[in-house]
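This report refers to the structure that appears directly beneath it.
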Amino acid sequence: MLEIVNVVGSGSLDAEFDLERVAADIGSIADYDPDKYPGMYLRFAEDAPLITVYRTGKYIVTGADSEAEAQAIRERFLDLLADNGMITAPDDEWFRIQNFVCTAELEEPLNLNALAIGLGLESTEYEPEQFPGLIYRPTGADSVVLLFASGRVVITGSPNLDEAEETFTALQEAVTDLLTVD
DNA sequence: TAACTAGCTTCTTATATAACAATGCATG
DNA sequence: CATGCATTGTTATATAAGAAGCTAGTTA
């Protein structure tokens, strides 16, 4: 079973922003420091997802734990802009989820050295002195998997939930096969 | 020398290691 | 009161994606 821990989405508004002015108008929920980074950060509450807004009208939502939450934050953001007269047509834009980050549990300890060979050295990277997880890039998938000795797994880079689920299912089967072989 | 490309910055999130800093508590 | 050990806390390491803007390097 997958648990979504982070959702990243991006959209584009048909408008140019003077971020200095926008940040001043919006107030304390906005954080803009162009010397540090060209984007303006916007967070509705302390633990709420982060919206990064750019001069060009493009924006990113990060830190949501479901697609619905990302969409809800996006709508709240558009309402805020509309209420302040910063945009006129809140609907003529696209918004798409770009990355789902999920965690899952294989429910048994993993021998990462054996798994690096079993899954294929050409599609895995395992350097425990650099990072304790094994990095697995299944061929033909956008998703990248991080496997840990505890049996916990992180699946990231998935453009949709179906792919994340398929990646995990395929991984479960591959791991099961490898365990029954030896 | 200009134009282009590639790589880095910022942020989010789980995962797990080591290395370090800072503090708590006990013993001499 | 000082020293030693333990615990807690922070940072680094790595992964993906979006974005703008800067720098460094290559090429014509």
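The analysis underlying the following values was restricted to heavy atoms, covering all of them including side chains, and did not include hydrogens, waters or symmetry mates. Just so we're on the same page: letters track the sequence lines, and every chain starts at 1.
For B/dC11, the OP1/OP2 oxygens have no side-chain nitrogen or oxygen of A/Arg43 closer than 4.0 Å. Using a 4.0 Å cut-off, some side-chain N or O of A/Gln130 falls inside it from OP1 or OP2 of C/dA14. The side chain of A/Thr52 contributes no N or O atom lying less than 4.0 Å from OP1 or OP2 of C/dA19. Close to B/dC11, at under 4.0 Å from its OP1 or OP2, lies a side-chain N or O of A/Lys36. Remark: A/Thr156 is not in phosphate contact with B/dT13, judged by side-chain N or O atoms under 4.0 Å from OP1 or OP2. When the side-chain nitrogen and oxygen atoms of A/Arg96 are compared with OP1 and OP2 of C/dA17, none of them lie within a distance under 4.0 Å.
Using a 4.0 Å heavy-atom criterion, one finds that A/Val8 contacts the bases of the nucleic acid, with or without backbone contacts as well.
By the 5.5 Å and 30° criteria, A/Phe131 is stacked with the base of C/dA14. By the 5.5 Å and 30° criteria, A/Phe148 is not stacked with the base of B/dT15.
Straight-line distance from the OH atom of A/Tyr59 to the P atom of C/dA17: 20 Å, rounded to whole Å. To the nearest angstrom, P of B/dT17 lies 10 Å from CZ of A/Arg152. The interatomic distance linking A/Ile73 (CD1) with B/dC11 (P) rounds to 18 Å, in whole Å. Distance CE (A/Met40) to C1' (C/dA20): 14 Å, rounded to an integer number of Å. Atom OH of A/Tyr32 and atom P of B/dC11 are 15 Å apart (whole Å). In this entry the distance linking CD1 of A/Ile97 with P of B/dT13 reads 15 Å, nearest Å.
Among pairs with a residue in residues 64-84 of chain A, those fulfilling ring pair (Phe, Tyr, Trp, His ring centres under 6.0 Å) read A/Tyr59-A/Phe77, at least two apart in sequence or across chains.
A rotation axis mapping the C1' atoms of four pairs onto the next four is fitted at both ends of the helix from B/dT1-C/dA28 to B/dG28-C/dC1 over five pairs, and the angle between these axes is 60° to 10 degrees.
The same ILVMFWY cluster, assembled from side-chain heavy atoms under 4.5 Å apart, contains both A/Val7 and A/Val53.
Partners of A/Pro132 under the side-chain contact (heavy atoms from CB on, under 4.5 Å) rule, at least two apart in sequence or in another chain, do not exist in this structure.
In this structure, the nucleotide among B/dT15, B/dT9, C/dT13 sitting nearest to the side chain of A/Tyr37 is B/dT9.
The side-chain contact (heavy atoms from CB on, under 4.5 Å) with A/Val145 is formed by just one residue from the set A/Thr156, A/Ile155, A/Ile135; it is A/Ile155.
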